[in-house]
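Reading through the structure tokens given below for one structure.
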There are 2 protein chains.
Amino acid sequence: MKLDVTDRKILKLLQQDGRLSNAEIAEQVALSPSPCLRRLRRLEQEGIIEGYQTQLNRQKIDLGMTVFVQIKMHDHHAASVKNFEQAIHGMDAVITASTVSGSADYLLEVVASDLEDYDRVVSKLQELKMVREIESNFALRRVKTAAPLPLKRLSD
Amino acid sequence: MKLDVTDRKILKLLQQDGRLSNAEIAEQVALSPSPCLRRLRRLEQEGIIEGYQTQLNRQKIDLGMTVFVQIKMHDHHAASVKNFEQAIHGMDAVITASTVSGSADYLLEVVASDLEDYDRVVSKLQELKMVREIESNFALRRVKTAAPLPLKRLSD
DNA sequence: GATTTATTGGCAGTATATGCCAATAAATCA
DNA sequence: TGATTTATTGGCATATACTGCCAATAAATC
């Protein structure tokens, strides 16, 4: 599916503020509300927009600790992978997880209130038999957070 | 600021769908629209809600490659830190960045269309004189993406 | 240049947001 | 406990926004 300049403007605006009303978007992209809404719905239906999320202040909801966790596995058998990933899905402190190239197998982003809370997460990970090694890298300071994805140059 | 059960329900709902209308939220938390809207505005003003974002499908906007980049610095002098972080802010392919404990100084999340595109990012990083070492860990598969932050148990 | 196709703008009806006020519920204090 | 204060709620009226439909315009195709 092709995205024209107007679509990109809409996406750019919505990345900045996901709750902009259609009327506001329409005004900013110089369209009347109805075609603008049609574009928005199409972007949603095509799956270009995957969803809308609300960013919370982690300190204020007592999840001030962020840890990047590198996991090395004993093996990569299908069963180990499946069980591990199921466990990950069940741990709500793990907010993102990817398999990665390099010396580790998985990179997780984990949130916690404090060290004690984080320790409980690590304990759970340690209980998983397919996990060989766990390295915790604590986020000390967030320099850039959830920046918008760079949409290729749009002349606006 | 204290969050009661209703506030948490609102936050939970908005993490799942950041574009829910106030009317829908109100219905789901068993409030009439006006007190619900007041709560929402308060959560925004208190900074508990930092903002609303739209999640885009990275493949579909031709940013299918995600790389976690570990950066080691030559030194940690104030000037080096400042210049490095300024450079990071200026690179829109870098969507998150943190200082971390462990052997690396910074952990970045970088998006790119392909290896060639990614190479341009690495080149820019290499040009920075305070950067000593760059390790790229390519995300091979995303297992869990931007999961909602776990709000402490709410009896709903 | 004519025809098809895609996109737009306007309109009407419906739904939603917002500010205000009275009523209710909760908390505080005598 | 009972009275008073405080916080929170629900309802109403108005303004704003969403949505589907149709005609008009613009773009693309032949």
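Heavy atoms only: backbone and side chains are in, while hydrogens, waters and symmetry mates are out. Just so it is clear: chains get the letters A, B, ... in the order the sequence lines come, proteins before strands, and each one is counted from 1.
Of all nucleotides present, only dA17(C) satisfies the Watson-Crick or G-U wobble test against dT14(D), with each distance under 3.5 Å. Pairing partner, dA27(D): dT4(C), with both Watson-Crick or wobble hydrogen-bond distances short of 3.5 Å.
Residue Ser34(B) has its side chain nearest to dG10(D) when only dT7(C), dC21(D), dG10(D) are considered. Comparing dT16(C), dT19(D), dG9(C) against the side chain of Arg41(A) picks out dT19(D) as the nearest. Closest to the Arg38(B) side chain, of the nucleotides dC21(C), dC18(D), dT18(C), is dC21(C).
Counting heavy atoms of neighbouring residues, nucleotides and ligands inside a 6.0 Å radius, atom CD of Gln86(A) exceeds 12 of them. Within a 6.0 Å sphere centred on CD of Glu27(A), other residues, nucleotides and ligands contribute 12 heavy atoms or fewer.
Leu43(A) and Leu56(B) fall within a single hydrophobic cluster, where Ile, Leu, Val, Met, Phe, Trp and Tyr side chains are chained together by heavy-atom contacts under 4.5 Å. Hydrophobic clustering (side-chain heavy atoms under 4.5 Å, transitive across Ile, Leu, Val, Met, Phe, Trp, Tyr) keeps Val111(B) apart from Phe138(B).
What separates CD of Glu24(A) from C1' of dA17(C) is a distance of 12 Å, to the nearest Å. Between the CG atom of Leu37(B) and the C1' atom of dC12(D) there is a distance of 15 Å, rounded to whole Å. To the nearest angstrom, C1' of dT7(C) lies 8 Å from CZ of Arg39(A). Counting to the nearest Å, the P atom of dA6(C) and the CG atom of Asp4(A) are 15 Å from each other. For Glu27(A) and dA17(D), the CD to C1' distance is 13 Å, given to the nearest whole Å. Atom-to-atom, CG of Asn22(A) to C1' of dT16(D) comes out at 12 Å; the value is rounded to the nearest Å. Residue Leu20(B) contributes atom CG, which lies 18 Å from atom P of dA15(C) at whole-angstrom precision. Here dT19(D) presents its P atom at 16 Å from CG of Leu31(A), a figure rounded to the nearest Å.
Side chain to side chain, Ser98(A) and Arg141(B) fail the donor-acceptor criterion of an N or O pair below 3.5 Å.
When the nearest nucleotides of DNA chain C are assigned to Pro33(A) and Arg19(A) by heavy-atom distance, the more 5′-ward of the two goes with Pro33(A).
At a threshold of 4.0 angstrom between heavy atoms, the contacts of Ser32(A) include nucleobase atoms, whether or not backbone atoms are also involved.
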